Amino acid sequence: MSEPLLFELSSHGRTGFSLSCLDVPEKNIDTIIPAQFQRTAAADLPELSEMDVMRHFVHLSSLNHHVDKGFYPLGSCTMKYNPKINETLSRTESFAATHPFQEEAEVPGALQLIGELAEYLAEITGMDDVTMQPAAGAHGEMTGIKIMRAYHEANGNPRHKIIMPDSAHGTNPASATISGYQTVQIRSTPEGLVDIKDLKEHLDEDVAGFMLTNPNTLGLFESQILEIAELVHGVGALLYMDGANLNALMGLVRPGDIGFDIMHFNLHKTFSTPHGGGGPGSGPVGVKAHLSKYLPSPVVVNKDGQYRLDDDRPDSIGKISGFYGNFGVMIRAYIYIRMLGAKGLKRVSTTAILNANYLMRILEKTFLLPHKQHAMHEFVLSGDWQLEKGVKTLDIAKRLLDYGIHAPTVYFPLIVHEAMMIEPTETESKETLDYFAETMIAIAKEVDENPEILHEAPVNTPVSRLDEGLAARNLNVKYVADAQ
Ligand SMILES: *Cc1c(COP(=O)(O)O)cnc(C)c1O
């Protein structure tokens, strides 16, 4: 029988964490694990040298495309560089060894970080209070909608509809529907903005709120936002901002100053955490003062310079996370904000906008650009000119991988035919942007000269085109010993 693994973790750091309860005498394994559950033969574990293991994982990491390997202009998702200092600091023991069941008095540092981060987010957006509980943007949407419901019910005025534009991200209608609301979709204008006439036709006293992404998913700033806010508030409804595109606004526009009552943040996007493939995320929700009392309980409050958990919140919508959200993502966001400061955050947004417009003005000569006005941090091309020659947007997306570039978001937003949604982010150099533009132009040339290669792409990747629908429905993941 193998020797039991013993921990030796001493008390340390400002969280005062200790695992002394696991400090069991070495030979006393029977008191921890009943005899019938103990292993009788040694585990058949592979024996490998550190070097073999290192090479194995480095090799594996190079099979997949990721933001540390190459350009990743996945619109809406904001795949920017994630500073490595975030990773190092979020793994320091005093944070990483904190347990959610610890007493409040043992984790003042963690509470201070959560409290200060909420204050920064409020300052950046002009909101009055921010909860850090939601674990993703979509979770934040659901939280925001619960707040909407609590507000209307407290006013003796339950409502049943939530309006959103046809350019909305799929999570918006999903969040409204899962919360029991009827989703009402309104049209965008040919310029890609909210169709005010259509909005007016659908606004009535049964509308709980209007959910809007600003800048919207076409990368366009909703320039009529003040009029929209007035119309929405005119029928007693609330204005919700999907804040996934906040990286275009920081230091330039504050959602709380232009009529939004509620918004969610995507910390993992705007404030840099490695994400994709389902996590990790953090979707704080900010509200204006008239909605503060509905925020999920507990709320981190600052009492006489000490950050504390306040759960004396009779009007709260209740707890929406098992504990207090994804703390590791909050640490990264906190570091990102503190490192950049107010001026740096503004530069994030202005550079993200500059980079997107730079690429857009080059590529509009080769690809159809349906919405031609100045963009914010992303823009949407259409592959319609290439489709006429028998090549789909999906083929272009796959071909980009052969050149070491991840595809843009494709076929979204739904209102652009053969859409390619490109978000370069602020962290890419001009050389990388130029390489991407040259590659897109080279692919367009291939469409004319050698469309077959596009139908077969990718040809340089470990596996070529997969049946993604089948893979999603019939997931079959297994360990293959000779995968190399
Ligand atoms: C990413 C995104 C969401 C959803 O956020 P998650 O954190 O992935 O749940 C919602 N709206 C828009 C516009 C997004 O880009």
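Note that the structure is predicted; figures quoted are calculated from it, not measured. Computed from heavy atoms alone, side chains included, the values below leave out hydrogens, waters and symmetry copies. Just follow the structure's listing: the first ligand is 1, and inside any ligand the first atom is 1.
Note: Y403 and F436 fail the aromatic proximity criterion, with ring centroids not under 6.0 Å apart. Residues F271 and Y334 keep their aromatic ring centres 6.0 Å or farther apart. Y240 and F260 have their aromatic ring centers separated by at least 6.0 angstrom. Between H371 and F379, the gap from one ring centroid to the other reaches at least 6.0 Å.
Of the protein's non-hydrogen atoms, N266 ND2, 2.9 Å is the one closest to atom 5 (O) of ligand 1. Among protein heavy atoms, atom 11 (N) of ligand 1 sits closest to D242 OD2, 2.5 Å. Atom 6 (P) of ligand 1 has G137 N, 3.5 Å as its closest protein atom, hydrogens excluded (heavy atom only). Among protein heavy atoms, the minimum distance from atom 9 (O) of ligand 1 is reached at A138 N, 2.8 Å. In terms of protein heavy atoms, atom 15 (O) of ligand 1 is closest to S76 OG, 2.6 Å.
At least one heavy atom of E141 lies less than 4.0 angstrom from ligand 1.
The distance from ligand 1 to the heavy atoms of K269 drops below 4.0 Å at these ligand atoms: 1 (C), 2 (C), 3 (C), 5 (O), 14 (C), 15 (O). Residue H268 has at least one heavy-atom neighbour below 4.0 Å for each of these atoms of ligand 1: 7 (O).
A tilted orientation is assigned to the rings of H65 and H406, their planes being inclined by 30° to 60°.
The residues K392 and D395 are annotated as not salt-bridged, no charged nitrogen and carboxylate oxygen being separated by less than 4.0 angstrom.
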